[in-house]
Protein chains: 2
Amino acid sequence: MSREFRRAMPLLPISMVMKLTELSARQIRYYEEHKLIEPAKSEGNRRMFSLDDVDALLEIRDLLNQGINIAGVKKVFDMRKKSVVKSTNKVSISDAELRAILREEIQQAQIMEKVSLRNGDLPRHKDEI
Amino acid sequence: MSREFRRAMPLLPISMVMKLTELSARQIRYYEEHKLIEPAKSEGNRRMFSLDDVDALLEIRDLLNQGINIAGVKKVFDMRKKSVVKSTNKVSISDAELRAILREEIQQAQIMEKVSLRNGDLPRHKDEI
DNA sequence: AACATATGTTATTTTTCCTCACATAACATT
DNA sequence: AATGTTATGTGAGGAAAAATAACATATGTT
């Protein structure tokens, strides 16, 4: 399982995210409402957050603290998403790499089925976990 | 924050651990009762599991599936713990490393305070996260 | 002044998790 | 064969966490 995938896996309940980010539940839900994050939902409709979500929230917090508003944060995120796509598009990969990736995707699918959430979210940026 | 610490940080609710390990809540609590794992507890008395806990549970599952009983699993774990201690004892570290470790410990303490759980658990073995 | 933004607060309902107790299949022991 | 042990299932009852929704509000904007 790739590190990126692990970081994108929805695992944490909102209570943990609150502690890790020092944000209130209200804030976290508000940011979601404005599409800055898109946490997965459990069968029972509970939000489940990935480590990527936590990263995003920490960054949202910082940007807001810098006086940037929600719209600004969204812009920043959208720009990053685009640039990631652009930079990713260029790389060509070897056959072996491709096979490795496929193997991972398959495993991902299996785990995702087990974890069975209504929607995940895409990796945003990768630091250390 | 060190990888080991991150893996030892209690983050996941039992529902997620159930899905990741394919164990029932009953099984997970039973293994805890027998001291094979020691998940942290939230203020509200909910079990919170670390990635290390998940690793341990996966291994418990495998060992049990191999016909080994709980006592046997415990033995295996205890043996490993001892050998880890032994191998760790020998290494001597540089000043810089020591300072880096201390810095991390401090950050750990801060986060731990935020996460404020009644008890964590020690890293057991470290694979990839 | 009126409006918008970001967040707090509170009420209500639903979901998740806890403990405890009892049940039981598969093995082991007497 | 009867009894005990181990590992797990199941269900009741209760507590905690989280959801939605509505109203409140400080600060900044037009």
Side-chain angles (χ1 to χ4, degrees), chain A residues 10-50 53-54 56-77 115-119, chain B residues 10-49 53-54 56-77 114-119:
Chain A
L11 295 172
L12 329 199
I14 199 168
S15 54
M16 275 301 143
V17 177
M18 290 170 65
K19 282 167 185 157
L20 292 171
T21 62
E22 298 183 281
L23 293 167
S24 69
R26 182 68 161 94
Q27 288 174 300
I28 296 169
R29 295 194 196 107
Y30 185 73
Y31 305 151
E32 176 188 359
E33 195 181 333
H34 288 268
K35 304 282 165 68
L36 293 178
I37 54 171
E38 230 176 314
K41 297 284 196 90
S42 79
E43 321 238 328
N45 197 36
R46 262 144 157 88
R47 269 165 266 260
M48 299 301 311
F49 298 79
S50 67
D53 288 327
V54 173
L57 286 168
L58 287 171
E59 197 165 4
I60 293 166
R61 195 189 61 174
D62 289 352
L63 292 171
L64 290 178
N65 283 343
Q66 285 168 41
I68 297 165
N69 65 8
I70 298 273
V73 176
K74 197 174 332 190
K75 193 68 173 180
V76 170
F77 279 19
V115 180
S116 93
L117 296 156
R118 293 219 294 266
N119 62 77
Chain B
L11 296 171
L12 330 198
I14 199 168
S15 54
M16 276 301 143
V17 177
M18 289 171 66
K19 283 168 184 155
L20 292 171
T21 63
E22 299 183 282
L23 292 168
S24 68
R26 182 67 161 94
Q27 285 174 303
I28 295 169
R29 297 195 194 107
Y30 185 73
Y31 305 151
E32 176 188 359
E33 195 180 333
H34 288 269
K35 305 283 165 64
L36 293 178
I37 55 172
E38 229 176 314
K41 296 284 195 89
S42 79
E43 320 239 328
N45 197 36
R46 250 100 203 246
R47 270 165 266 259
M48 298 301 311
F49 299 79
D53 287 328
V54 173
L57 286 168
L58 287 171
E59 197 166 3
I60 293 166
R61 193 189 61 175
D62 289 352
L63 291 172
L64 289 179
N65 283 343
Q66 286 168 39
I68 297 165
N69 64 8
I70 298 273
V73 176
K74 198 176 326 191
K75 193 69 175 180
V76 170
F77 279 19
K114 287 191 185 97
V115 180
S116 95
L117 296 156
R118 291 219 295 267
N119 61 77

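Order of the sequence lines fixes the chain letters, A, B, ..., with proteins taken first and strands second; residue numbering starts at 1 for each chain.
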Original post:
Atom CG of A/L23 to atom P of C/dT7: distance rounded to whole Å?
Top reply: 8 Å
**OP:** For the residue pair A/I37 and A/I28, establish whether any side-chain heavy-atom pair is separated by less than 4.5 Å.
**Re:** yes
**OP:** Could you tell me the separation between the NE2 atom of A/H34 and the C1' atom of C/dA4, rounded to a whole number of Å?
**Re:** 11 Å
**OP:** Establish, with yes or no, whether the OP1 or OP2 oxygen of C/dT7 is under 4.0 angstrom from a side-chain nitrogen or oxygen of A/Y30.
**Re:** no
**OP:** Check whether any side-chain heavy atom of B/M18 lies under 4.5 Å from a side-chain heavy atom of B/L23, and answer yes or no.
**Re:** no
**OP:** Specify the closest pair of heavy atoms between A/P13 and A/F49, including all atoms of both residues, with the distance to one decimal.
**Re:** C-CD1, 4.3 Å
Original post:
Shortest non-hydrogen contact from B/P10 to B/M48?
Top reply: CB-O, 3.5 Å
**OP:** Using a 4.5 Å cut-off on heavy atoms from C-beta on, say whether the side chain of A/K41 contacts that of A/R47.
**Re:** yes
**OP:** Using only side-chain N and O atoms of A/Y31, determine if any of them is under 4.0 Å from OP1 or OP2 of C/dT7.
**Re:** yes
Original post:
So do the side chains of A/L57 and A/L36 get within less than 4.5 Å of each other, counting heavy atoms only?
Top reply: no
**OP:** Summarise protein proximity over nucleotides 9-27 of chain C in one line of letters, 5' to 3': B for base, S for sugar-phosphate only, - for none, counting protein heavy atoms closer than 4.0 Å.
**Re:** B-----BBBSB--------
Subject >> Strand contacts (DNA chain D) in residues 67-75 of chain B, 4.0 angstrom heavy-atom criterion >> reply: B/N69, B/I70
Original post:
Do B/L64 and B/R61 touch side chain to side chain, with heavy atoms closer than 4.5 Å?
Top reply: no
Subject >> Separation of atom CD in A/E32 from atom C1' in D/dA19, rounded to whole Å >> reply: 11 Å
